[in-house]
Every structure is written in C-alpha cells, then in structure tokens.
2 protein chains.
Amino acid sequence: MTDTTPPATAPTAAPTRRQQLRLDTTAEIKRVALALLAEGGPDAISLRAIAREMRMTAGALYSYYATRDDLITALTSDMYTALVDRAEAARDAHPTEAPAARLRAWGEAFRAWAVDHPAGFRLVYGDPVRGYRVPEGGAAPEAASRACAGLTGLVAAAWPPPGADADEYAWDDFDPGLANLVQEKFPGLPPAAVALALRVWGRMHGLVALEVYGHLRSQTRDPARLYRAELRDLARSLGLGD
Amino acid sequence: MTDTTPPATAPTAAPTRRQQLRLDTTAEIKRVALALLAEGGPDAISLRAIAREMRMTAGALYSYYATRDDLITALTSDMYTALVDRAEAARDAHPTEAPAARLRAWGEAFRAWAVDHPAGFRLVYGDPVRGYRVPEGGAAPEAASRACAGLTGLVAAAWPPPGADADEYAWDDFDPGLANLVQEKFPGLPPAAVALALRVWGRMHGLVALEVYGHLRSQTRDPARLYRAELRDLARSLGLGD
DNA sequence: GTAAAGATTGAACGCCGCGTAGTTTCAACA
DNA sequence: TGTTGAAACTACGCGGCGTTCAATCTTTAC
C-alpha cells in the first residue's frame with residue numbers, strides 16, 4: 001500500500017496534509033481573533049486570549065505568527081479588504097448608467113459594514129491596538145488605494161461636477177501610487193477629481209465614524225436616516241440625478 | 001501681629017492655604033496628564049506615568065482622584081470644552097451678518113484644534129483609554145450639547161436651505177435635552193434643522209478624523225486645502241454665499 | 001520501524017497596570 | 001510648642017501582557 005506514494009519531485013508544490021492543517025489553524029487563529037475583536041474591541045486581541053479560546057498555549061501561536069503585531073496587521077488587512085469588497089460589490093449591483101445609485105450603494109455598504117463590524121471599523125480607521133505600530137507596506141495600504149480608486153471612479157462618472165472647482169491641483173499633490181492608478185484607469189481625468197474623491201470619502205466617513213463611536217446615538221435615534229439624506233445630498237452635489 | 005487673623009467664622013468659605021495647594025496639585029496632575037496624552041496618546045495616561053513625571057508615587061494620586069476613570073473623565077471634559085470654546089470664539093469673531101464666514105470659521109477652528117491636539121481629539125471622539133467606561137452624565141455630554149447647539153445656530157442662520165428637505169422630522173427623533181435646548185434658543189425652527197446640523201457635524205468631522213488618524217496624509221500632502229474646499233462647498237450647499 | 005521534522009506544551013522572565021494598606025513626614029494651627 | 005491631620009512614601013497583592021526556551025508529543029518521511 002505504499003507504491004502510490006506521490007513523487008517527491010515537487011516538494012513545495014504538493015499541499016502536504018501538514019501544510020493544510022497549518023493553513024487551517026492559521027485561519028482559525030484569525031477567526032478567533034476577529035470574534036474577540038467583535039466582542040471586546042481591539043484591546044481584547046491578545047495572544048493569551050486567543051490561545052485560551054482555542055485551548056492552546058500562547059507560545060504555540062508563535063509557530064504561526066512571528067509576533068503579535070504581525071497578527072494584527074493580518075487582521076487589519078483582512079478587515080479592510082472585506083470592507084472594500086463589500087463596497088465594490090454593492091456598487092456593481094447597479095449598472096454603469098445609474099451613477100447616482102452606484103454612489104449611494106457604495107456609501108450605504110460602507111456604513112452597513114461599519115455598523116455590522118464596529119470593532120473592525122475601529123481597527124481599520126481608529127486607534128489601533130495598544131502598542132501596535134503600523135508597518136510600512138502591506139495589504140492595508142493596498143486596500144486603501146482600492147477604496148480611493150473606487151471612489152475616484154464614482155466621481156469620474158459624474159465629472160465634471162456642477163460647482164466647477166476653481167482650485168488647481170497637480171498630480172504630485174497626491175500619493176504617487178494612487179495618482180498612477182487613477183491616471184491609468186481613468187485617462188483624461190484631471191487631478192482635481194482625486195481631490196474631490198477624497199472629499200467624498202471624508203463625507204461618507206464622518207457620520208459613520210460619529211455613529212460607530214457612539215456620538216450620534218445620544219443625539220438622534222435614527223442615524224441611518226441622517227446618513228441616507230447625506231448620501232442623497234452628496235449625489236445631488238455631484239450633479240447626479242436622484 | 002496675630003490680631004489680624006481672619007475670623008474663623010466661615011470655615012468652609014475661606015480658601016485655606018491647604019486647599020489652595022490641593023487645587024494647584026490637582027491642576028498639575030491634569031496638566032501632566034495632558035502632556036502625556038499629547039506625547040504618547042490616550043494609552044499613555046496612567047497613574048503611574050503621571051506620578052513618575054511628577055516625582056510622586058501612584059498611590060498619592062488617589063488623594064486627588066478617587067480612581068483613574070475619574071481623571072480620564074475630567075480630562076475628556078476639559079478637552080471637549082476647550083474645543084467647543086475655540087469653535088465658538090472663532091465663530092463669534094465674525095458678525096451675525098456673515099453666516100457663511102461664521103460657519104467656515106467654526107469648521108476651520110474645529111480642524112485646527114484637532115490638528116493641534118490630535119491626542120485630545122482621539123480622547124474625545126475616538127477610542128477612549130483601555131478599560132475606561134464613559135460615565136452617564138458630566139461635563140462631556142454638556143460640551144457635546146453645546147457643540148450641537150452651536151451648529152444648529154449656524155444652520156438656523158441659513159434656514160431654510162435651498163434643497164428643501166422633504167423628510168419630516170419630529171422633535172422626539174432627537175435627544176430630549178438637545179431638542180429642548182434648540183427649541184428654547186431658536187423658537188420656530190423645525191426639527192429638520194437639527195437633523196441638518198448633525199449632518200453638518202458629520203461633514204466637518206469626516207475629513208478631520210481621517211486626517212488625525214493618518215489616513216489622509218498618505219494620500220495627499222495638503223489636507224487643509226481639501227478641508228477648505230469642503231467647507232466652501234458646505235456653505236454653498238446651505239445656500240450661504242461665499 | 002525508526003529517525004527527522006514539526007507542533008505543542010509548560011514554565012519562566014520581565015514588564016506594566018490598578019488599587020490598598022500601614023507608616024512616616026511636615027506644615028498649619030492653637 | 002505641642003497637636004493634628006493631610007499628603008506622601010514604601011510595600012504589597014493581583015492580574016494581564018508578549019515573548020522565549022528546553023522538553024515533549026505527534027506526524028511525516030525514509
């Protein structure tokens with residue numbers, strides 16, 4: 001019964017059973033960490049708590065993540081990517097001919113995700129975990145670029161907006177990566193569109209951040225309604241019909 | 001030389017030298033805590049760190065604040081009050097006849113304060129310190145009400161806005177305290193104005209929050225310019241001339 | 001079947017936090 | 001001058017954290 005042993009000619013290509021288990025455990029660590037995050041906020045993510053939840057010891061986790069910050073970084077990337085995925089999907093549920101609907105869908109998805117995952121929102125947009133230092137590169141900046149590009153696309157569909165921006169912007173007013181991405185995907189679009197996209201981002205972010213951090217709930221009982229009105233106003237200000 | 005000793009008829013009214021020293025120390029504790037906050041963020045506020053800085057021991061601080069949370073509460077109130085003070089002062093530097101200038105001054109002051117005191121901004125609007133539970137009443141909610149009322153006043157000066165809100169709002173859609181305050185200060189103003197004020201708040205908050213948490217600095221090199229444009233747009237959307 | 005490689009343990013280290021005693025210092029007051 | 005009482009100090013207790021390391025168990029490979 002040993003004649004069918006797979007040839008060891010491709011030591012790295014074969015997904016060994018061991019590697020599979022390793023992947024599963026890695027995924028479970030992240031899943032547990034996210035659950036802890038959702039329950040107790042960013043500070044609840046501790047290696048010991050994760051290990052406790054998984055009936056392991058804290059030291060064992062070091063086989064999977066070299067350090068706690070690496071784990072946090074992975075979590076942040078996952079959350080950010082999930083958020084952008086959801087926003088893009090919501091946007092793409094509407095045809096290109098309905099730019100207003102696409103814009104509003106993006107905004108509503110942004111808020112819905114934040115309300116569904118308040119701790120994730122804090123992880124991505126708020127104070128990171130105590131003692132955590134944000135690394136330079138990685139997947140999180142990539143997700144941010146995706147978000148900016150997506151918003152710029154929504155702005156591009158409405159370009160030029162009615163209130164013509166008298167301000168002049170240059171491409172090097174922005175992050176080179178983002179500028180290149182936009183110039184490539186939307187040729188002919190002026191840099192002022194990126195500025196407008198960032199403002200749109202801020203406008204979508206404001207009410208959601210206030211709500212997630214509990215500052216709206218003590219003032220009004222229906223933040224969703226406020227946000228809907230804000231999005232309607234936003235689309236209108238971009239010259240997109242209702 | 002003892003005949004001029006102040007009469008001890010008012011034992012509680014006389015600010016004893018001892019009480020004075022106590023007040024001074026209390027103030028110094030807050031000052032040191034704010035310095036730590038500015039340097040190391042909200043999590044840097046610990047009784048031990050404060051005591052270290054003041055060449056004291058942590059236990060001694062318990063003579064001044066019953067618990068750490070009380071100190072945090074006091075700090076938050078101070079910061080929030082300072083923010084609203086600054087916004088109100090900036091607004092009042094312009095005459096009532098220039099509502100657009102008043103609105104923009106409020107917004108610019110809001111951002112300027114946040115950029116000057118990023119840690120304070122996080123303390124007020126972001127994640128509070130680890131393990132800290134926001135108390136029910138106190139000065140912080142009062143400052144929030146002041147902020148809302150101030151914004152409502154700015155909205156009232158532009159009422160009704162051009163894009164007539166078709167939405168109907170009722171007074172009990174909002175916090176009773178805020179509703180009463182607004183009805184008292186601006187009689188005749190419909191509740192929809194409060195909704196608009198909250199949206200204005202969110203709009204001012206969005207870009208500032210992104211900037212303070214570092215999400216804007218990696219995208220553009222001049223957040224102030226974006227914010228200025230946003231405020232201009234905001235005033236325009238309220239029907240206030242430039 | 002056995003030996004290598006990997007995964008996991010358990011204990012330990014060092015650090016930090018909040019909060020509570022009991023004791024000592026020292027300035028204000030009579 | 002002696003008394004008093006607040007403020008500060010020392011010393012704990014308790015808990016949690018990230019991280020390391022030798023030893024042990026388990027799976028894989030030959």
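Any value given below was found using the heavy atoms of this structure, including those in side chains, with hydrogens, waters and symmetry copies removed. Chain letters run A, B, ... following the sequence lines, proteins first and then strands; every chain starts at 1. Computed from a prediction, not measured in an experiment: that's the story for all the values here.
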NA contact type, [X], heavy-atom cut-off 4.0 Å: base, sugar-phosphate, or nothing?
X       : value
A:Thr67 : sugar-phosphate
B:Thr57 : base
B:Ser46 : sugar-phosphate
A:Tyr64 : sugar-phosphate
A:Ala58 : base

How many whole angstroms separate atom [atom1] of [X] from atom [atom2] of [N]?
X       : N      : atom1 : atom2 : result
A:Tyr62 : C:dT9  : OH    : C1'   : 15 Å
A:Arg22 : C:dA7  : CZ    : C1'   : 9 Å
A:Ile45 : D:dG18 : CD1   : P     : 10 Å
A:Met56 : C:dA7  : CE    : C1'   : 8 Å
B:Leu61 : C:dC18 : CG    : C1'   : 12 Å
A:Leu47 : C:dT8  : CG    : P     : 15 Å
B:Tyr65 : C:dG19 : OH    : P     : 14 Å
B:Leu21 : C:dA28 : CG    : P     : 7 Å

- Message: Less than 3.5 Å apart, any donor N or O on the side chain of A:Thr26 or A:Tyr65 sitting next to an acceptor on the other?
- Response: no
- Query: Do the side-chain N and O atoms of B:Asn180 and B:Glu184 include a donor-acceptor pair separated by under 3.5 angstrom?
  - Reply: no
- Closest non-hydrogen contact found for B:His215 with A:Val124 is CE1-O, 3.0 Å
- Task: Output yes when A:Glu211 and A:Arg217 qualify as a salt bridge under the 4.0 Å nitrogen-oxygen rule, no when they do not.
- Result: no
- Task: Name the residue closer to the 5' end of DNA chain D, choosing between A:Arg52 and A:Ala66 according to the nucleotide with the nearest heavy atom.
- Result: A:Arg52
- Query: Can the positive tip of B:Arg22 be found less than 6.0 Å from the middle of the six-membered ring of B:Tyr64, inside 45° of the ring normal?
  - Reply: yes
- Task: Record whether the side chain of A:Arg48 comes under 3.5 Å of the base of D:dG15 through a donor-acceptor pair of N or O atoms.
- Result: no
